[in-house]
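Read the structure below first, then the notes.
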Number of protein chains: 2
Amino acid sequence: MDNQLISFTEENYLKIIYLLTERHNGNEVSTNQLAEHTQTKAASVSDMLRKLAEKNYINYRKYQGVTLTAAGEQIALGVIRKHRLWEVFLVEKLGFGWDEIHDIAEQLEHIDSKELTKRLDNFLGNPQFDPHGDPIPDAKGKMPSVSYLKLSEIPLNQSVVMMGVSVHSPAFLQHLDKQQITLGCDLKVLEISDFDKSYSILLDGKNTIFVSNEVAKNLLVSIEE
Amino acid sequence: MDNQLISFTEENYLKIIYLLTERHNGNEVSTNQLAEHTQTKAASVSDMLRKLAEKNYINYRKYQGVTLTAAGEQIALGVIRKHRLWEVFLVEKLGFGWDEIHDIAEQLEHIDSKELTKRLDNFLGNPQFDPHGDPIPDAKGKMPSVSYLKLSEIPLNQSVVMMGVSVHSPAFLQHLDKQQITLGCDLKVLEISDFDKSYSILLDGKNTIFVSNEVAKNLLVSIEE
DNA sequence: ATATATTTTTAGATTAGTCTAAAATTTTGT
DNA sequence: ACAAAATTTTAGACTAATCTAAAAATATAT
C-alpha cells in the first residue's frame, strides 16, 4: 500500500536487529543471534545482511556484526509500533490473554497502511504501553521513556508496581497468571531464601506468594512515587 | 499459524476463482480472466493452475478453464469470510469509508488464526453482510442467502431498498456517496429517459436524484416486504 | 603464540512465483 | 469448413529467500 520498497522478510530482520540491539544496550548483533531469532541459518543471514547494507538500512562490517542506520531504525520502529498496537487490540478489544497474542501480532505487524495504523491507535485511545508493558513508539518513532528495574534488584520491603516482563513466552506468562501477578499489581519482597534464592512476595498488600529467582529476574517493576 | 500448507498467493487465486465463478453463475473461469484479476500474465496463471490442480483445489482441464473443488471452495470461503469481517471492522469500528477499505482488507484476509477470526466475528456482533452488502460466510463456509435484483430490472414506481453494489471501485462508491445513496436507503424509479437511459429516482421518499444507466445496473436492491 | 574451535562468509543449489517468446489449441468469421 | 484471430500452454529464464558444504576469519585455550 504505502510502500513496496521493503519486503515482509526485510522488515522482520530490521525489527529483530532493533530488539536485539536494545537488549544488548546498543552493541552490535551477531549473525548467529540473528539466525536463531529469524529461524534460519547463518548463511542465509549473511546474504540478507549484505542486501540490507546495500539498501543502507544497517551498518555492516563483515564478521563484526550489525547495527541499524537511522533509516533502518525508522522502519523497525514502525513495525514494532504496529506489533504493539495490535497486541493492545487483541487483549483490550478481543479479550485474548497476554500469552496468546504474540504469533498473531507477528502477522499483523506487516499490514501496510499508514491510515489504518493511525485509526487503530486512536480507536485504542493512543496507548503508550502494550499488554506486556513494552513501550509503543509514536507515529514518528519516538518511544515513551521507561525506567523499569528487575524485581531481583529491589531491596527487601520496598513496595513496587509491576510494570512489565522481560520474557514473553506463553509458559512464563501463564505462570504469572496462575500466581495472579498482573501488570499494575503491587509487589513487596519480604524475604529471599538462602537455600534456593526464591522470593516471598507480598502481593497487593494481601497475599504472600512464592516465586523462583528466575521469575523475579524477569519481572520489571518501578518504585511507587 | 493454523496451517502452513497453502501460500498467500494460492489463497488469492482460490478467492478470485470463487468470486469470478460466482459472477459467471458457476461457469468455468478462464486463464485470461484470472491473469487480469491477479495482475499477472496468462503464462503465470497456467503454472499456478497446474499447481492448484495437483493439490486438488481446482478442477482443471487444459484450455477449458477451472472451477473449485469442495476443498478449494472451503479455502476460498475462509478467505472471503476474513476479508468481509475485516471490512466491517474497518468501517464500523475505525470509521473508514466503504471506498477506502478494499486494499487493506486484501492484506488482512490472509492473517491466519482461527481464534482471531472467531473473536473478531463476535466483537463485530456476528455480522451477516459487509459494508458493500456482500454476504459473509459463517465459520463453516455457509453463505447467508441473498436475492438481490439490479435496480435496472425493477419496474417503474416500485419502492425498493438499497442492499448492495456489484462494483466496488472507489470511484463508483464515492459517486454514490455524493448522491447520498447508501445501504438501506429507499429507492423508487420514477422515469427512465428515452434519450440516454438515465434514471430519475425518488430517494428516501424525499429528493429526486438522477443516475446513469451504468449506475442503475450496479445498484443491488430488494423489494420491500 | 599458535593450534584448535567457533563464527561468519562464500559458492553453488533449490523453491515459489513471476516473466517473455514460441508453440499448441480453441474460437471466430466468412 | 477452414483460415485467421484469440487464447492458453510450454519452454526457458529471472528474483527473492532459503539451504548445505566448504572456505575464510576471528576467538580461545593452554
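Numbers restart at 1 for each chain; the letters A, B, ... are given by sequence-line order, proteins then strands.
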Margin query: Can a donor-acceptor pair be found, under 3.5 Å and without considering hydrogens, that links the side chain of A/H132 to the backbone of A/W98?
Written below: yes

Checklist line | Separation of C/dT18 P from B/N12 CG (nearest whole Å) | finding: 9 Å

Item checked: Rounded interatomic separation in angstrom, taking CG from A/L49 and C1' from C/dT10 -> 14 Å

Checklist line | Euclidean distance, atom CG of residue A/L52 to atom C1' of D/dT18 [Å, nearest integer] | finding: 15 Å

Check: For DNA chain C, which residues in residues 28-43 of chain A have a heavy atom at a distance below 4.0 Å?
Finding: A/S30, A/T31, A/N32, A/A42, A/A43

Next item on the list: Kindly indicate, with the supporting measurements, whether the criterion side chain to side chain donor-acceptor pair (under 3.5 Å) is fulfilled by B/S30 and B/N32.
Entry: CA-CA 5 Å; B/S30 75; B/N32 266 356; over 6 Å; no

Next item on the list: Kindly assign one of parallel, tilted or perpendicular to the pair B/Y148 and B/F129, based on the angle between their ring planes and the thresholds 30° and 60°.
Entry: tilted

Next item on the list: Would you mind reading off the distance between B/E10 atom CD and C/dT18 atom C1', rounded to a whole angstrom?
Entry: 14 Å

Checklist line | d(OH, A/Y60; P, D/dA25) in whole Å | finding: 13 Å

Check: Short question: side chain of A/K82, backbone of A/I111 - any donor-acceptor pair under 3.5 Å?
Finding: yes

Check: Looking at the side chain of B/S44, which of C/dT10, D/dT26, C/dC19 is the nearest nucleotide?
Finding: C/dC19

Next item on the list: Classify the nucleic acid contact of A/S46 as base, sugar-phosphate or nothing, counting any heavy atom under 4.0 Å across all strands shown.
Entry: base

Notebook entry, point to check: Can you pull the ring-ring contact (aromatic ring centres under 6.0 Å, His included) pairs that have at least one residue in residues 36-59 of chain A, sequence neighbours excluded?
Noted result: none

Check: Roughly, in whole Å, what's the span from NZ in B/K62 to C1' in D/dT10?
Finding: 8 Å

Check: Reckon B/Y13 touches a base, only the sugar-phosphate, or nothing at all at heavy-atom distances under 4.0 Å?
Finding: sugar-phosphate

Next item on the list: Just say parallel, tilted or perpendicular for the rings of A/W86 and B/W86, cut-offs at 30° and 60°.
Entry: perpendicular

Next item on the list: Could you check which of D/dT18, D/dT9, C/dT18 has an atom nearest any side-chain atom of A/M48?
Entry: D/dT18

Notebook entry, point to check: Taking OH from B/Y63 and P from C/dA24, how many angstroms apart are they, rounded to a whole number?
Noted result: 9 Å

Check: Reckon A/F8 touches a base, only the sugar-phosphate, or nothing at all at heavy-atom distances under 4.0 Å?
Finding: nothing

Checklist line | ring-ring contact (aromatic ring centres under 6.0 Å, His included) partners of residues 5-25 of chain A, not counting sequence neighbours, each pair once | finding: A/F8-A/H110

Check: What's the closest nucleotide to the B/D47 side chain, out of C/dT8, C/dT18, C/dT10?
Finding: C/dT18

